[in-house]
Amino acid sequence: MELRLYDTLTREKRVFRPLDSARVRMYVCGPTVYDFAHIGNARPVIVFDVLFRLLRHLYGAKHVKYVRNITDVDDKINARAAERGVPIRDLTEETYKNFKDDVAALGCLEPTVEPRATEHIAEMKTLIERLVESKHAYVAEEHVLFAVSSMPDYGKLSNRSLDEMIAGARVEVAPYKRNATDFVLWKPSKPGEPSWPSPAGIKAPGRPGWHIECSAMSWKHLGEVFDIHGGGIDLVFPHHENEIAQSRCAFHTGAMANYWMHNGFLQVEGEKMSKSVGNFLTINDQLDHWGGSVLRLNMLKTHYRQPIDWTQTNLKEMGRELTRWTDLTQSNSEDDQDGVRTIVEALNDDLNTADAITQLRGFYKSKNVSALRVGMELLGLSTDPKSIQGRKHKRMYVEAGHISITGQSVQLTIAPGSIEKLIAARNSARSARNFSEADRIRDELATMGVVLKDSKDGTTWELAR
RNA sequence: GGCCACGUGGCGGAGUGGUGACGCAGCGGACUGCAAAUCCGCGUACCCCGGUUCAAUUCCGGGCGUGGCCUCCA
């Protein structure tokens, strides 16, 4: 089956055909760097990482360009920097670094380019000048505004008409706007706010509006029209709608991107995630409790367009399932391309990761080690057993006769040699049918986190999960 | 209020106009001194009401519920 993707604009699954198969181009809206990214932010990052991996597989790694921007100029950033009394640049750099660490822990490849808004002011101004020249934008009170009425099919992506939007407008309309739905391309900066010389003959220094940066960065790195544009479903309106308006009107094209993909929202324990409810989960915090692969698997077990409920129960379940898989992948195996083919087949159907995971379960059940391993790798899931536990959880691993510990240092209460001695003692008690002594030793080991497994080939042990 | 999604067994979660995916839990069994782990087996679900159809969980309409957007939030 060929790759088919659901396109928000046409509201249907369509066979994916890149404009240029030697250069598949994808743009995804990245974070605004003012605070730790939350678990909801992780969804598009993971989902589009899977798509990136799939496209690399289908078209070759060198033929796919994935651009994910960093928004480092924004009112929330200004506010947070002022609140903390730190320079804006320090805040955005620190936050970006944290984001990068989080995303790497989630098993995501780095995008081909990670452009920053502040490094594309020139491109934004060029776009704004063009829009003003072609009467798609106008200057009013030192702002530049996009004239929505200049674009007949504005609203197509979010499927809303101008009349509806005007009727439904709940915000008070700024007096300098010609039309209630016109949006800001450039606005004046107050003293202390980041500012640049303004375009369109405006004397006062200013800064860009929210939407123009993505039009500028996608243009710079991918061209006027490209293949895929992705992001969270909440960005459909107004952000993506406005990006389309800016780019299409600036370049006089019929489309900005050929496929618009949007991931669904996430809830936490059945409730909307919000700081006031107190269930606001950052990626960083979740990584304390779970390895990145567990978070990733938990995210991918639901199709990307479906809503997802982020719960402890599910995370536990995924942690256990992943443990079984990673344990199995430690055994030797021959290369097996069936695994890749099967997973690609599942993903080709609009990135059906849930089905892909079902296929992995089949590989596990049939003990197809190689297929399981390559399948997991294609989904970006680590096959390393150490990737299960979070940073705060200590787990010991027995490797080549040594015990190694992940996470912070722990007090070793027993050495591997002593474990062997206790097992021997227990086994002699068992052969003497002294089961109370045998069970006592087993319990003693259990309190140290050592779990015994009796098989006909003898007794083995592992650390409690 | 307007627009848009979603509603599947105890839980999670695919999918389909007509043979009950898959995982967890649960139950039964094998193995075991007993466990643990593992393996085998077991489940007639598709929010409600209409309509279309030989046949609907799947299509259409209405209702209810949940969520999202309409305020620079993935």
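Chain A is the first sequence line, chain B the second, and so forth, proteins listed ahead of strands; every chain is numbered from 1. Computation of the quantities below employed the complete heavy-atom set of this structure, encompassing side-chain atoms and omitting hydrogens, waters and symmetry-equivalent molecules.
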Ring centres under 6.0 angstrom apart (A/His120, A/His221): yes
Close side-chain approach of A/Ile212 to A/Gln246, heavy-atom, < 4.5 Å: yes
Under-3.5 Å donor-acceptor pair between A/Thr358 side chain and B/A21 base: yes
Polar pair under 3.5 Å, donor/acceptor by atom type, side chain A/Asp454, base B/C34: yes
Nucleotide nearest A/Phe237 when distance is taken to its side chain, options B/C69, B/C72, B/C6: B/C69
Donor-acceptor pair present, A/Asp439 side chain and B/G33 base, under 3.5 Å: yes
Nucleotide paired to B/A5 in any strand shown, Watson-Crick or G-U, under 3.5 Å: B/U66
Donor-acceptor pair under 3.5 Å, A/Lys187 side chain vs B/C72 base: yes
Nearest listed nucleotide, side chain of A/Asn159, among B/G13, B/C4, B/C69: B/C4
Out of B/G33, B/C39, B/C72, whichever nucleotide has its closest atom nearest the side chain of A/Arg430: B/G33
Lys NZ or Arg CZ of A/Lys76 over A/Tyr34 ring: under 6.0 Å, within 45°: yes
Residues within residues 4-14 of chain A bordering RNA chain B, heavy-atom distance below 4.0 Å: none
Under-3.5 Å donor-acceptor pair between A/Asp74 side chain and B/C72 base: no
B/U32: pairing nucleotide in any strand, Watson-Crick or G-U under 3.5 angstrom: none
Integer angstrom distance from the C1' of B/A25 to that of B/U32: 23 Å
Worked verdict on A/Arg207 versus A/Asp74 for salt bridge (Lys or Arg N to Asp or Glu O under 4.0 Å): CA-CA 9 Å; A/Arg207 61 207 156 103; A/Asp74 175 272; over 6 Å; no
5′-ward residue of the pair A/Arg442/A/Pro44 relative to RNA chain B: A/Arg442
Partners meeting side-chain contact (heavy atoms from CB on, under 4.5 Å) with A/Pro307 (sequence neighbours left out): none
A/Ile357 or A/Asn352, whichever maps to the more 5' nucleotide of RNA chain B: A/Asn352
Closest listed nucleotide, where the reference is the side chain of A/Arg320 and the choices are B/C24, B/C40, B/G68: B/C24
